[in-house]
Structure formats: structure tokens, C-alpha cells
2 protein chains.
Amino acid sequence: MLISPSTLRTFTENIFKAIGCSHEHAVLAADVLLKSDLRGIDSHGVARLSGYVRLWEKKRINPTPNIRIVHETPTTATVDGDAGLGLVVAPFAMEVAIKKAELYGSGWISVRNSNHFGIAGYHALMAVEKDMIGFAMTNASPLVAPTFSSERLLGTNPMCYAFPAGKYPPVIVDIATSAAANGKLEIAQRLGMQVPEGWIQDKEGNYTTDPHALKTGGSLLPLGSDRDHGSHKGFGLSATVDILSAVLSGANYGPWVPPFVAFLDPPNDPVGAGIGHFLGAMRVDGFRPVNEFKNHLDNWIERFKSSATVDPDQKVIIPGEPELEAEADRIANGIPLVDAVVEDLNKLAERFEISELPRV
Amino acid sequence: MLISPSTLRTFTENIFKAIGCSHEHAVLAADVLLKSDLRGIDSHGVARLSGYVRLWEKKRINPTPNIRIVHETPTTATVDGDAGLGLVVAPFAMEVAIKKAELYGSGWISVRNSNHFGIAGYHALMAVEKDMIGFAMTNASPLVAPTFSSERLLGTNPMCYAFPAGKYPPVIVDIATSAAANGKLEIAQRLGMQVPEGWIQDKEGNYTTDPHALKTGGSLLPLGSDRDHGSHKGFGLSATVDILSAVLSGANYGPWVPPFVAFLDPPNDPVGAGIGHFLGAMRVDGFRPVNEFKNHLDNWIERFKSSATVDPDQKVIIPGEPELEAEADRIANGIPLVDAVVEDLNKLAERFEISELPRV
């Protein structure tokens, strides 16, 4: 069923208020989730709302956090999220990065004691709106095995780099550092389909096409899939995200990262606080005049879009383009939600005594 | 044959002096090439010396460049390399980044009008020696096709991230953003071997295992190899390197990047000057005390190294470890050079009337 963005937004704000968030935080957290649904990244939007609520029930999310800078220089800082929603902690940190960039050219923030921050692109785009280049990374629940390992030691640890263009939309590179994002596996599980070889291994480290293998001790594979095709590169990128987000800030890293799901307890020997993020902003005009940069990025986009292609019907896709098309469509026509998500959201509505979404 | 590092170093310095480099530049450029040979990255060391000389002959490398900052803020700058050797331009830029980081916490330099800078790891390690996190990227001759394209629009565009550890060596993630580096293809060509599927495509965009396919219009594939396995992620990372290195600095980007080989002329419609790099340094103590960071990174390394493995004889490799082992071995036992490289170097010696390397 299709839901209007404004209906879904108000609903989501009300749920965050119901668990004790301030009006300001509820509006911001809902904005991050809605942005994901609008951009077609259904796995990171309102489908996760009940997950955040369950973590709040377990007292693993603090609805009234005192988010603060605990260490800084003119262009770097460590932010402690006080166990708040990553959906509000990460925008706080990005605001700090942007202020530092306004004063000194760039700003870089490592964040500890946070939770899942939604889509990385939301935070990086905050910088792009100020004619800055935005960087956003986060570590996450361990699901990915390093090259040669049979253990889940890393999250799907996304990296996002976002660049403002001129007449074209921004270029937004927003990628999991695993071969496939967990959301794709969930879709295959729901549809009862096999997945391509190279996405996952079973608990002994054999390739499998069974999307349920994660539930029996299997793991996702790093980008590159196997050593011959560069899985050590995906591992290295994922390690980079983990170190910048958590070893640098004092958050948990590697297998110590607390799981996003409430039914799994965090490790009882933490090496830090919560999960970690890394956010950055650099002023374009710290390097060259903004209009020059944008003109050349437009030229870059045009050259790549008009490239000769293998299949005449499949043009080269500029990073960020599919999400932008989804956003235009969903603003106009509404956000499609599967029945299971609507049911899940309406259970929350019932519990917190707020208006339900229209039933199918 | 094995050559002692000091013999090879003096030889390389003499060649750079012979083409007109200052003593200081010759020593630095030789140090960058030697570091590559010592670390076992044979494709980026003295094997390329005659390539630099041929570019100098074509007046595409300026041996006496006026390398300078052309635009800056407290923590950002654009450096113009004046068509100098990337081997000296990139260390200049990294010194600027480190000075900015000392004053303000971080420093970020985009470089234009440069040439091939050797291994990215050399430059990133300059920051690590100062207890900083080092970043180094460069664009390169177009050899890689974006996802869905049959055209070579991007270089193997490496990204390097380097982190200082405590009792262990630094973690150094230094990766090409293509599925396979061009050096691996050259090895297969020399040995007359096929390469794995997923590394290259022919000029129509069909997968091929023929390592010579690049010479007949084929292209390397991005990290991820195909869309199902995330080649759009490798493309996105390569695009990020291209934009940070060249669109930001005013260098050539995409298919306009001048080829590293002298027998191919640069495009006659340049969109910028030379090739571009992006270098950065962030002080660890801009985020948390250095000893805390190093202790946790040591713990990270220990946990990953002791991970359960698929094959009991193949441990997890920490990024940077193989290069460090090569360096220890080659410092002790000498640098192995294949006959063709020795012949090539001795042709240079004859031409410039300097002492030859010992013949096999």
C-alpha cells in the first residue's frame, strides 16, 4: 500500500515522542527515517521503527540524551552520544563538523556511545547543502567475516562521500563495504529465493546461496567476495570505517559492537561505549571557487552518463541517481509499504495510543 | 638477481640527477621508488624508472618544478605541482597537510598538475610517523570501465588509509579500486597465463580471461567485478578518488587523465592540468589521547589476527602486514629484480654515463 509522506512523517514523530523524545529530536529522527523511505532504501526507514522502540524498552536507547563534545581541536572533535538515537546524534555531530569547516575549511567528528544512524547519505547531504563535501561512515553489528576468516567480526560498515554539482543533483556514493547489504538478504529470505554465490558463507566458510545461512553461524563476505577478486580490499575498507568510527572515538569495534536487534544482548566485555560514527565536512571553496568545481563536476557527470555501454538499454548510473529518482516518484505518489511493515507500525500505534496508519 | 637496497638507491638517485632533478628531489624520488621495491610492490618501484625518463624526454615531466600552494584555508589547500614528478609533489603536499594538522587538528590537500606518485602508502605513512592518520589517493591513466560501460573512463585510482598502532606495525589499507591492479595483469601477460573471470572485459564488454585484452580495447573492471557483486561500489569509490583528486584541484579527470606511458599522447582537449592527488592528515590526539588509541588498535589487531579461519593454515592478514614482511626480508637479503628490469636500468646507465648495476 502507498502512504503519503506527510502521514507517515507525523506517525513516526508521534512514536518517537511516545518513547520520550523531545519534539525537536522526534522531528529530526523522523526526518532521517523518512528520507530513507523516500529515497527507496526501504531497509533503513520506518521498517526499523519498531526495532528502535525495542532497544528503548531494553534501555539501550536513551530518549533524552545529553549529546556533547568531549574532546576537540579547531577541526576535530569526539562527540559522546549518551546512548541516544543515532538518528539525532549523527546530525548533531555533522552540525559541529560544518561549523568547524565554516571557520577553518574542514571539520571531522568521531562519535561514540551512539546507536544506528539510519542512512549515511542523510548526514553527508547536510554538508552538500552548504557547498561542502560530506563524509559519513558508521560501524554496525558484526555480520561480515574478514578475508580467510569464518567469524563475523565487522558490520556492513558503510562509507558515504557526497559532492555538490551544479545543474545536476549531487553525486552521492553511499555503499556498504560488504559484497551485498543485509537488506538484500532479507528480501531474498522473504521471497524464498537463493542469493548469488559470493555474498555469504556458512559457518565453516563454504560459499552458500542460502540467504538463511546467517542464522546458522554463517557470515556476509566483504566487497570483492573472494581473495582473487579483492575481498581483502572490502575487508580493508570495512576496517577503515571501524577504526575511524570506533577505535578513534572510544566506541565498541569489531565483534564488540552491540547488535542492533534487542533480542541479542551486547557483549558483556565492552571495549568502548555504544557504536561509533565518523562524519566530516570540507568546504569546496577551501580548494577552488565553488562555481568552477560545480561546472567541472557537471562535465564529469555528462561524460560518464554519455559513455558507450555494453547494453544499449542500460546507461551508466551516476552514484546517487536511482535514489533521487525514487524520491521524486515517492514525493509525488506516496511511499509503498509492505503489509508486514504496516502491521508492525500499527501495533506500535495501538500500544502508544496514537492514530493508526490506514489498514489495507 | 638480488640487488642491495643501497646500491639500487644510489643508482636511482643518479638517474634522477641525470635528468636534471636537484639533489634533494633526486634523493626523495629515489626514496619513494625504493620504498615500493622494499615493500614488495615491484610494479611501482624502479621497474618504472625508465617510464619516468621517457615522460621527461617528451617534456611531460618537469625536473625543476616550482611546486606551490595556489589556494588555501587554515586546513585545506590546493597545490600545483608544476608538472613535476609525483614522487616529489605528493610528499610536498603531505608536508603541508601535516603542518596544518599540527596547528588545527587536520590538513587536506588536493593536488593538480602532477604525475604518477608511486605507492600511496609512502605518503600516508609520513603522517603515521607523526602520530597522525594518513590519507592518500590519486587518479591515474584511464583503464577501468564503470559498471555497465564498455569504455575506459577511470584509473585503478587507489585509496590509502594508514593508522599508527602501539606494539604492532601500522595498519595500512592501500588498495586499487579496481578488481585487480594492472600490475597483476602484467605478471599474467609475462607468464602467458589466463586471469580469473571478473578482472577484465573485452571491448564489447564481454568477460574475458585474456590478460592482453586491454591492448585491444578492453578494460579492467571495478572492485566487485559485476553489478550483482557490487561493481557499482568499486565504481563509486573510484569516482570519489577522481573527484577529490582532480575535480577539486583542477587536474584532469576521467578519460582526460594523461596516460602514464610516453608512447600515448595526452588528450588534446584537457579539462585541467596533469593528474591529481588527494592527501590528508589528522592528529590522533585531536580525538583521544594517542596511547589510548594505540592500545585499542593493538587490541583490534590481536582480535582479528586470532580470528577463527576457514583454512587452519591461512590466518587473517592485517592490512599492511605482507608489505612489512617483504620489507624486513628485502632489507636483510636484497631486492630481487627480474632480468628485463636490470637490462632496462642498465640502458639508462649507459645513456647517462653512470655506473651500471651488476649484470647477471
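So that the names make sense, note that chain A is the first sequence line, chain B the second, and so on, each numbered from 1.
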Engineer: Please determine, among A:V173, A:V310, A:T73, the option with the most heavy-atom pairs under 4.5 Å with chain B.
Structural biologist: A:V310
Engineer: Count the heavy-atom pairs under 4.5 Å between each of A:S106, A:P319, A:G205 and chain B, then report the option with the highest count.
Structural biologist: A:S106
Engineer: When you look at B:W256 and A:N299, which way does the side-chain contact (heavy atoms from CB on, under 4.5 Å) test go after all the steps?
Structural biologist: CA-CA 11 Å; B:W256 288 280; A:N299 187 45; 3.7 Å; yes
Engineer: Among the options A:V284, A:I317, A:D311, A:I318, pick out the one with the most heavy-atom pairs lying under 4.5 Å from chain B.
Structural biologist: A:I317
Engineer: With a 4.5 angstrom heavy-atom cut-off, which part of B:E72 approaches chain A: side chain, backbone, both or neither?
Structural biologist: backbone
Engineer: Any side-chain heavy atom of A:V271 within less than 4.5 Å of one from B:R303?
Structural biologist: no
Engineer: Most heavy-atom pairs under 4.5 angstrom with chain A, which of B:T240, B:T147, B:L154?
Structural biologist: B:T240
Engineer: Decide yes or no on side-chain contact (heavy atoms from CB on, under 4.5 Å) for A:I243 and B:I133, but give the supporting numbers first.
Structural biologist: CA-CA 10 Å; A:I243 297 168; B:I133 296 171; 5.7 Å; no
Engineer: Between the main-chain N or O of A:E151 and the side-chain N or O of B:S307, is there a donor-acceptor pair closer than 3.5 Å?
Structural biologist: no
Engineer: Under 4.5 Å from any heavy atom of chain B, what part of A:K315 do you find: side chain, backbone, both or neither?
Structural biologist: backbone
Engineer: So for B:F163, is it side chain, backbone, both, or neither that comes closer than 4.5 Å to the heavy atoms of chain A?
Structural biologist: side chain
Engineer: For A:H71 and B:D285, indicate whether the former's side chain and the latter's backbone hold a donor-acceptor pair under 3.5 Å.
Structural biologist: yes
Engineer: Pick whichever of B:A101, B:G236, B:G286 has the most heavy-atom pairs under 4.5 Å with chain A.
Structural biologist: B:G286
Engineer: The test is side-chain contact (heavy atoms from CB on, under 4.5 Å); show your working for A:W199 and B:H229 and say whether it passes.
Structural biologist: CA-CA 7 Å; A:W199 285 16; B:H229 293 86; 4.1 Å; yes
Engineer: Counting only pairs under 3.5 Å, give me each side-chain donor-acceptor contact of residues 288-295 of chain B, with atom names and distances, residues two or more places apart or in other chains.
Structural biologist:
residue: B:R288; atom: NE; partner: B:E292; partner atom: OE1; Å: 3.1
residue: B:R288; atom: NH1; partner: A:V247; partner atom: O; Å: 2.8
residue: B:R288; atom: NH2; partner: B:E292; partner atom: OE1; Å: 3.1
residue: B:K294; atom: NZ; partner: B:D131; partner atom: OD1; Å: 2.8
residue: B:N295; atom: ND2; partner: B:N291; partner atom: O; Å: 3.3

Engineer: Parallel, tilted or perpendicular: which one describes the rings of A:F304 and B:F235, with boundaries at 30° and 60°?
Structural biologist: parallel
Engineer: Under 4.5 Å from any heavy atom of chain A, what part of B:A239 do you find: side chain, backbone, both or neither?
Structural biologist: both
Engineer: Could you check whether any side-chain N or O of A:K233 sits under 3.5 Å from a backbone N or O of B:A176, counting only pairs where one atom can act as donor and the other as acceptor?
Structural biologist: yes
Engineer: Pair A:K100, B:T75 - check side-chain contact (heavy atoms from CB on, under 4.5 Å), show working.
Structural biologist: CA-CA 10 Å; A:K100 287 176 178 294; B:T75 65; over 6 Å; no
Engineer: For chain B, which of A:V171, A:L153, A:L103, A:L237 has the most heavy-atom pairs under 4.5 Å?
Structural biologist: A:L153
Engineer: Look at the side chain of A:S149 and the backbone N and O of B:A308, then say whether any donor-acceptor pair between them is shorter than 3.5 Å.
Structural biologist: yes
Engineer: What part of A:R227 lies closer than 4.5 angstrom to a heavy atom of chain B: side chain, backbone, both or neither?
Structural biologist: side chain
Engineer: Is A:T78 reaching over with its side chain to a backbone N or O of B:F287, donor-acceptor style, under 3.5 angstrom?
Structural biologist: yes
Engineer: What part of B:R112 gets within 4.5 angstrom of chain A, counting heavy atoms only: side chain, backbone, both, or neither?
Structural biologist: neither
Engineer: Determine whether a donor-acceptor pair (N or O, by modelled atom type, separation under 3.5 Å) exists between the side chain of A:T76 and the backbone of B:G105.
Structural biologist: no
Engineer: In residues 217-225 of chain A, which residues are in contact with chain B at a heavy-atom separation under 4.5 Å?
Structural biologist: A:L223, A:G224, A:S225
